[in-house]
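See below for the structure under consideration.
Chain letters run A, B, ... following the sequence lines, proteins first, then strands; residues in each count from 1.
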There are 2 protein chains.
Amino acid sequence: MPKVSAAYKAARRDEIIDAALRCVQRDGYRGTSMAAVIAESGLSAGAIYGHFAGKQEILVAVAERVLAGRQADLEAARVDGQPLSPAALVSALVGGMRLEKATRVIPQVWAEAAVDPEIAEIAGRIFLRVHRLLRTELAAWAAAEPGRVDGDPGAWADLVVPAVIAAVPGFLVQRAILPQFDEDAFIAALPLVYRG
Amino acid sequence: MPKVSAAYKAARRDEIIDAALRCVQRDGYRGTSMAAVIAESGLSAGAIYGHFAGKQEILVAVAERVLAGRQADLEAARVDGQPLSPAALVSALVGGMRLEKATRVIPQVWAEAAVDPEIAEIAGRIFLRVHRLLRTELAAWAAAEPGRVDGDPGAWADLVVPAVIAAVPGFLVQRAILPQFDEDAFIAALPLVYRG
DNA sequence: GTCTATAGGACGATAGAC
DNA sequence: GTCTATCGTCCTATAGAC
């Protein structure tokens, strides 16, 4: 019997997270009030507090979902044949990010991560996971391209991963802030700027 | 007579902005209350409302100062002799940012810019100014290195500037969020990843 | 100009009926 | 589980003495 109830509960939870996500996209992380989430979801205070202990818990769930979605994008960009060069990897990363609709939410989460340890833990976990993913890919590329990279491929990959991944925040922040930002031009420019 | 008073007023304003900056560094942009700014400044409500109309005005001043400071860093990184390559330019940009003490404040401002039009206007203005600065530098480099760049140097520079500048948010976001982030390694990796 | 005290409002969370 | 109504708290901004 708890089977049906569990599926129902999960669906309602998702509805609430959806609504909260729209609120954060519109008003920012801290600018989202419980009243706003209640109105946006079409539910009531009682319904929401039945699924989440409080505001913090909802917003943590929002952060978790949106960051996990981007992590999935990055993992999907992985190609199992030839390992990707830094330039190709950056293009794949940022290209995947284009599909994200909630343009403004990720910078909100990063800002909150700088202040809230619980959000920081989530964001750090995702970053680390992506780091490891890129490290594997880049080490394979470096090993396959002897002469283009000095020293041990693994050590080289460890060093360059943070610089490669940096393009993603750069893309998202400019997209969120600059009204005239041109996504296509940004992606087209990446191979001109990155090695490989 | 108003001369002395004007200097005094400006100094007090700066004190208040200093205090607010420390609060934002600690508690975030929206997490900073008037009570916190009052306590941090050692002044009183009356004193502060004599210089600023309200919370929003103080926080706008904080955003203005911190973004203008980073803009000044970038302009100082400019070298008047040889024009800088993309790799050299990115290193200079990020190297200048290292000196900024208020690590967490800029991501806060970006997140707020995504939500508050007045902050967005300030951030957009600074971004545009840096864009123009980099465009000039990169166009000069492209013109001086014929064969390394296809087509018109100006058009090429227009295209690559957003991708070059992207390293800066990438650096600041990772530094603000990841406890184990290694600034020196990041800067050392830049020439390995960027062309030029 | 700056202080203390407080008015006025918004927000997060709960109580109790259904 | 969900609804309506409300309580207590915190926050911004102001009033009035000095």
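We find that CG of B:L59 is positioned 12 Å from C1' of D:dT12, with the value rounded to whole Å. Protein atom CG of B:L43 is 14 Å distant from nucleotide atom C1' of C:dT4, rounded to whole Å. For the pair A:I16 CD1 and D:dG1 P, the computed distance is 11 Å after rounding to whole Å. Rounding to whole angstrom units, CD1 of residue B:I48 and C1' of D:dC11 are separated by 14 Å. Protein atom NZ of B:K9 is 8 Å distant from nucleotide atom P of C:dT2, rounded to whole Å. Between the P atom of D:dT14 and the CD1 atom of B:I38 lies a distance of 12 Å, rounded to the nearest Å. Whole-Å rounding puts the A:D27 CG to C:dA10 P distance at 15 Å.
A heavy-atom distance below 4.5 Å is found between the side chains of A:L134 and A:L93.
Using a 4.0 Å cutoff on non-hydrogen atoms, no part of residues 107-116 of chain A comes near DNA chain C.
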Show me the protein contacts with nucleotides 12-14 of chain C, counting only N or O atoms at under 3.5 Å.
unit_1 : atom_1 : unit_2 : atom_2 : d
C:dG12 : OP1    : A:K55  : NZ     : 2.9
C:dG12 : OP2    : A:M34  : N      : 2.6
C:dA13 : OP2    : A:Y49  : OH     : 3.1
C:dA13 : OP2    : A:K55  : N      : 2.9

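Here the rule is side-chain contact (heavy atoms from CB on, under 4.5 Å) with B:V130, and of B:L67, B:I165, B:V168 only B:I165 fits it.
Few gaps surround CZ on A:R26; more than 12 heavy atoms of other groups in view lie less than 6.0 Å from it.
Checking side-chain atoms of A:Y194 against main-chain N and O of A:V90 turns up no donor-acceptor pair under 3.5 Å. For A:R175 (side chain) and A:F181 (main-chain N/O), no donor-acceptor pair under 3.5 Å exists by modelled atom type.
Checking the phosphate oxygens (OP1, OP2) of C:dG1, a side-chain nitrogen or oxygen of B:S5 falls inside 4.0 Å.
Applying the ring-ring contact (aromatic ring centres under 6.0 Å, His included) definition to pairs two or more places apart or across chains, those involving residues 129-168 of chain A are A:W141-A:W156.
Ionic pairing of B:E64 and B:R125 is present here: one or more N-O contacts between side-chain nitrogen and carboxylate oxygen are shorter than 4.0 angstrom.
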Would B:R65 and B:D18 satisfy salt bridge (charged side-chain N to carboxylate O under 4.0 Å, His left out), going step by step from the backbone distance to the final call?
CA-CA 10 Å; B:R65 173 197 282 189; B:D18 281 342; 2.5 Å; yes
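Heavy atoms only, all atoms of each residue included: A:A142 and A:P153 are closest at CB-CB, 3.8 Å.
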